[in-house]
Amino acid sequence: MTSAITKLLVANRGEIAVRIIRAAKSLGIPTVAACSEADAGSMAAQLADEFCIIGPARADQSYLNADALLEAAKQTKANAVHPGYGFLSESAAFADAVVAAGMIWVGPNAETIRRMGDKAQARSTAKAAGVPVVPGSEGELESLEDALKCAEAVSYPLLIKASAGGGGRGIRIAHDRDELSREFPLAQREALAAFGSGAVYLERFIGQARHVEVQVLGDGQHAVHLFERECSLQRRRQKVFEEAPSPALSNEQRLRLCDSAVRLVQALGYCGAGTLEYLFDAQSGEFFFIEMNTRIQVEHPISEMVTGIDLVQWMLRIAGGEPLTLRQSDICLNGVALEMRINAEDPERNFFPCPGVVESLSWPEGEGVRIESHIFQGYRVPPYYDSLLAKIIVHGAGREQAFARAREALAATELTGMATTLTLHRSLLEETCICAGDFDTGTLERLLAERSVLPAPVAAEV
Ligand code: ADP
Ligand code: ADP
Ligand code: MG
């Protein structure tokens, strides 16, 4: 079927821009890379059929500048926009503007983004669809008085969360009444400054939970899931190492979880790729919805590896007018996939960002190894954006083989010129509880605090 997309503007950078360009190429869709001045020599600019400078390095003047992106699309005669993740990917206003300019938005419609992007409202929507949510407030809380009243029913410890938050930011813990009284106004002020909305809500803090999320795909009529990802290994509420499927779920729990996700997206008439995030209490077997991301996620490749389905191609096919022909019964789990995020950060110095020039670079190869990256030898990592350099993804028939392949892949990786999280991942792969699949959202921070991972640096790497 010929796609309604005749030329695609990639409104993002880094590895995800490269990923999107490759998917478009495989479908025969010409691409335009929208680049800031700092990214004029980027891999995305080289791989795309054309590239267009949208503004200075600063994200607010380039990748977050909707007018500049629309102008770039107009000038290059692109008729579709893929936003990737981060930046404007969850901006309903940008999605609206793209459509108003007569172009195709590769993602769900603006109304859905608005509805699910507001985390307090998303909870209500999930609840209405019969999906269990973490006990918490009904919608946004405006006054401290309301918050204190609500907290009695929710019970402490609890989290104050920004409705518009993301990227692990905008979340504060309160262990008691006093702490809530102190933190609530601060949370409101901080949310307003960081996300442009001071709306906050409360959620019971679930200790020792696992972060398990379901990948979905829909075409507006029909929706399927691609099973779940385990993303409990986090630092500062940001994912570091992911796995598919989750080693914590029984098959019966898996089906219940994934069915609940499909029920919710069916109710939304969801169109595109999306992720429903849950906390899973392994002790009780209960799961609770926390939020939905109405975009492609960083860790999507592990779902692709275990299902054999190309999510980014499907996003483009659906946006181009093709119906989602995948049936749930056709989607099977095959083996185990792991993803390790390689960031330009120094694990020995509290993960301080340390962009630099890539001096030597050599990626692992071989069966079951996949690299998603935009860096090359001589590449200068710009200091303006997030620090993700690459994702090393491995697939194995089971966990044991996947972990063995991950160790080999990391041993075969050479990346010099700056400190990276490669050292962290090498040590995580040796950690007994991680190899056993026995961890929760607090495990990585605990290991780091105890220095069980990242012991004294190896001489060669100093
Ligand atoms: P994923 O589950 O795909 O890893 P994240 O929530 O970590 O998703 O977000 C992916 C990227 O988007 C990261 O670079 C993150 O910093 C950025 N991001 C997500 N939401 C926001 C937000 N509300 N404000 C700023 N950056 C965000
Ligand atoms: P973001 O929008 O920034 O991704 P989330 O609501 O998805 O924020 O939460 C990020 C992380 O914070 C989760 O993956 C989990 O580790 C932790 N978290 C969120 N809500 C809770 C909760 N109610 N109890 C315990 N941990 C939580
Ligand atoms: Mg989240």
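Each ligand, and each atom within it, is numbered from 1 in the order the structure gives. Here the structure is a predicted model, which means the values were calculated and not measured.
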Six-ring centre of Tyr201, Arg123 cation under 6.0 angstrom, axis tolerance 45°: no

Using a strict cut-off of 4.0 Å, indicate which atoms of ligand 2 neighbour a heavy atom of Ile206. 22 (C), 24 (N), 25 (C)

Look at Glu213 and state whether any of its N, O or S atoms is less than 2.8 Å from the Mg ion (ligand 3). no

Proximal atoms of ligand 2 relative to Glu203 (non-hydrogen, under 4.0 Å): 20 (N), 21 (C), 22 (C), 23 (N)

Go through ligand 2 atom by atom and flag the ones less than 4.0 Å from a non-hydrogen atom of Gln234. 11 (C), 13 (C), 14 (O), 15 (C), 16 (O)

Residues which pass side-chain hydrogen bond (donor to acceptor under 3.5 Å, both in side chains) with Ser42, listed by chain and number, not counting sequence neighbours: none

Any non-hydrogen atom of Ala209 lying under 4.0 Å from ligand 2? no

Lys/Arg N to Asp/Glu carboxylate O, Glu242 vs Arg341, below 4.0 Å: yes

Among Leu279, Val134, Asn293, closest by any non-hydrogen atom to atom 22 (C) of ligand 2: Leu279

Pairs in or reaching into residues 217-239: which pass ring pair (Phe, Tyr, Trp, His ring centres under 6.0 Å), with residues at least two apart or in two chains? His225-Phe227

Among the N/O/S atoms of Glu277, which is closest to the Mg ion (ligand 3)? Give the atom name. OE1

Between Gln297, Glu291, Lys161, which one has a non-hydrogen atom sitting closest to atom 19 (C) of ligand 2? Lys161

Side chains of Ser303 and Gln215: donor-acceptor distance under 3.5 Å anywhere? no

If the contact criterion is a heavy-atom separation under 4.0 Å, does Lys119 count as touching ligand 2? yes

Is a side-chain donor-acceptor pair under 3.5 Å present for Tyr385 with Ser36? yes

Using a 4.0 Å cutoff against the non-hydrogen atoms of Gly168, which atoms of ligand 2 qualify? 1 (P), 3 (O)

min-distance N/O/S atom, Glu291 vs the Mg ion (ligand 3), resolves to OE2

Answer yes if the side chains of Glu228 and Ser246 hold a donor-acceptor pair under 3.5 Å, and no otherwise. no

Leu148 vs Arg177 side-chain heavy atoms within contact, under 4.5 Å: yes

Ligand 2 atoms in contact with Leu159 (distance to a heavy atom under 4.0 Å): 20 (N), 21 (C), 22 (C), 23 (N), 24 (N), 27 (C)

Trace of the ring-ring contact (aromatic ring centres under 6.0 Å, His included) decision for Tyr278 with Phe287: CA-CA 6 Å; Tyr278 295 81; Phe287 54 80; 5.6 Å; yes

Sub-4.0 Å atoms of ligand 2 with respect to non-hydrogen atoms of Gly167: 3 (O)

